[in-house]
Amino acid sequence: MDLRPVGRFAPTPSGRMHLGNVFAALMAWLSVRSRGGEMVLRMEDLDTQRTSGEFARVLREDLSWLGLDYDRETPPQSQRSSVYDEYFEKLREKGLIYPCYCTRSQLHGVNAPHLSDGTYVYPGTCRSLTEAQRAAFGRAPAWRVMVPDRVWELTDLVQGPYALNLARQCGDMVMRRADGVYVYQLAVTVDDGEAGVTDVVRGMDLLSSAPRQMYLQELFGFPHPAYAHVPMLLAPDGRRLSKRDRDLDLGELRKRVTPEALIGTLAFAAGLIDQSTPISARELAGEFRWDKVKGESIYLDCEGL
Ligand code: GLU
């Protein structure tokens with residue numbers, strides 16, 4: 001049995017990498033390379049309006065500048081709809097999907113049901129429509145998968161124990177939109193599963209996606225990977241650093257700093273090294289341990305970047 005870890009970069013090529021993307025990519029790389037594992041690159045370009053081949057090209061170049069190499073690139077999601085069709089059919093064969101005609105305003109309007117924290121839970125409005133009711137809409141539906149009233153638990157390598165009851169805290173999930181485009185949750189589960197990914201490392205904002213993907217992994221027959229959801233980067237004033245901070249995207253940063261200086265700053269902020277000093281990704285691999293990295297957010301001193 002091959003126990004070599006397999007990790008992945010799964011960027012959305014919709015613009016230049018910003019610091020948060022760089023941090024997530026660095027941690028994904030360190031996690032598997034520190035154990036001699038394999039790295040896979042996959043472009044998540046389901047949203048063809050926002051993504052482009054040119055952004056994907058620049059992304060590969062940015063990864064190379066950072067010294068974050070990979071062993072193979074799997075086909076971009078925009079080219080995989082016939083594969084996703086096959087998995088969608090598996091859900092249909094299991095009798096788990098149904099068409100949903102709810103409009104955006106029905107789903108997210110003021111009268112839509114929300115949990116106390118503002119999370120929207122789909123109440124199953126279209127679950128038991130009759131054939132005649134479905135036909136009366138006269139338009140293409142989205143398709144949802146039914147979720148059971150069951151808790152999915154995981155122990156995230158950074159965030160610790162996490163649990164979600166999909167029926168109570170999420171509701172039946174859209175798998176394919178009315179325009180025929182498959183959603184992130186289905187595409188990621190299929191792509192990670194087919195690529196044999198054992199370690200999923202990504203930003204904390206995707207933590208609640210893990211139980212959703214674990215459910216789909218069970219339905220498709222894929223093993224669960226290990227999960228590590230890395231903290232979000234905050235400016236010293238507590239503001240979340242984001243794509244809007246244009247001076248901190250790689251297009252700008254590469255004009256001012258070396259890859260080693262950038263990696264050193266991130267590694268120090270994350271607690272991987274004791275001093276903020278330039279270091280390459282490869283050198284840092286020897287220092288890497290998940291138990292050094294904790295929490296939901298990291299304050300990053302951007303002075304000097
Ligand atoms: N494509 C997503 C992003 O760029 C990451 C998805 C994932 O890692 O599962 O934020």
Side-chain angles (χ1 to χ4, degrees), residues 5-32 37-60 62-63 66 68 70 73-80 84 87 152 154 156-159 162 164 170 173 175 181-217 220 222-233 240-245 248-250 293 296-297:
V6 180
R8 41 61 145 201
F9 302 125
T12 302
S14 60
R16 210 62 196 256
M17 283 176 103
H18 62 92
L19 276 179
N21 303 134
V22 173
F23 182 58
L26 173 66
M27 299 304 280
W29 188 91
L30 288 171
S31 160
V32 293
E38 187 185 343
M39 231 20 231
V40 178
L41 173 66
R42 172 178 77 236
M43 293 297 165
E44 301 213 316
D45 60 349
L46 286 172
D47 182 349
T48 49
Q49 303 287 315
R50 280 194 321 128
T51 57
S52 76
E54 176 56 15
F55 284 136
R57 189 192 64 73
V58 175
L59 240 154
R60 289 184 201 98
D62 281 340
L63 287 172
L66 288 161
L68 304 179
Y70 47 91
E73 178 167 356
T74 57
Q77 292 182 329
S78 62
Q79 291 173 22
R80 302 240 313 148
Y84 304 146
Y87 286 87
W152 269 264
L154 66 130
D156 189 89
L157 291 169
V158 183
Q159 306 303 331
Y162 181 74
L164 196 76
C170 166
M173 304 187 282
M175 294 283 100
V181 177
Y182 288 99
V183 304
Y184 160 75
Q185 304 293 1
L186 180 130
V188 165
T189 305
V190 170
D191 291 347
D192 283 344
E194 289 202 342
V197 168
T198 60
D199 292 59
V200 170
V201 179
R202 58 189 174 196
M204 164 74 192
D205 52 341
L206 288 168
L207 180 59
S208 70
S209 286
R212 291 164 164 81
Q213 292 166 19
M214 288 168 74
Y215 171 48
L216 295 176
Q217 286 153 11
F220 296 149
F222 294 126
H224 298 316
Y227 285 103
H229 288 85
V230 302
M232 296 287 135
L233 299 181
R240 184 163 150 193
L241 295 175
S242 75
K243 264 197 165 128
R244 283 187 299 278
D245 296 287
L248 294 176
D249 77 23
L250 276 193
V293 185
E296 293 189 10
S297 46

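Index from 1, following the sequence. Counting starts at 1 for both ligands and their atoms, following the listed order.
The aromatic rings of Phe220 and Phe222 stand perpendicular to each other, their planes meeting at an angle above 60°, with 30° marking the opposite boundary.
Listed by number with element, the atoms of ligand 1 under 4.0 angstrom from any heavy atom of Leu206 are 5 (C), 6 (C), 7 (C). Here is the list of ligand 1 atoms found below 4.0 Å of a heavy atom in Arg202: 7 (C), 8 (O), 9 (O).
Of all the heavy atoms in Pro225 and Val197, the pair that sits closest is CB-O, 3.8 Å. Met204 and His229 make their closest contact through CA-CB, 3.9 Å (heavy atoms, listed as atom of the first residue, atom of the second, distance). Closest heavy-atom contact between Met17 and Asn21: CA-OD1, 3.5 Å.
Below 3.5 Å of separation, one finds no N or O of Pro11 facing any N or O of ligand 1.
Nearest protein heavy-atom contact of atom 8 (O) of ligand 1 is Arg8 NH1, 2.7 Å. Scanning all protein heavy atoms for the shortest distance to atom 9 (O) of ligand 1 gives Tyr184 OH, 2.7 Å. Looking from atom 6 (C) of ligand 1 to the surrounding protein, the closest heavy atom is Glu44 OE1, 3.2 Å. The nearest protein atom to atom 5 (C) of ligand 1, hydrogens excluded, is given as Ala10 O, 3.4 Å; this is a heavy-atom distance. Regarding atom 4 (O) of ligand 1, its nearest protein heavy-atom neighbour is Thr12 OG1, 3.2 Å.
Gln213 CD to Trp152 CH2: the interatomic distance, rounded to the nearest 0.5 Å, is 13.0 Å.
Contacts of Asn21 with ligand 1, taken as heavy-atom pairs under 4.0 Å, are absent altogether.
Note on Arg42 versus Glu194: no salt bridge recorded, every NZ/NE/NH1/NH2 to OD/OE distance being 4.0 Å or above.
For Glu296, the CD atom counts as loosely surrounded, since its 6.0 Å shell holds 12 or fewer non-hydrogen atoms of other residues, nucleotides or ligands.
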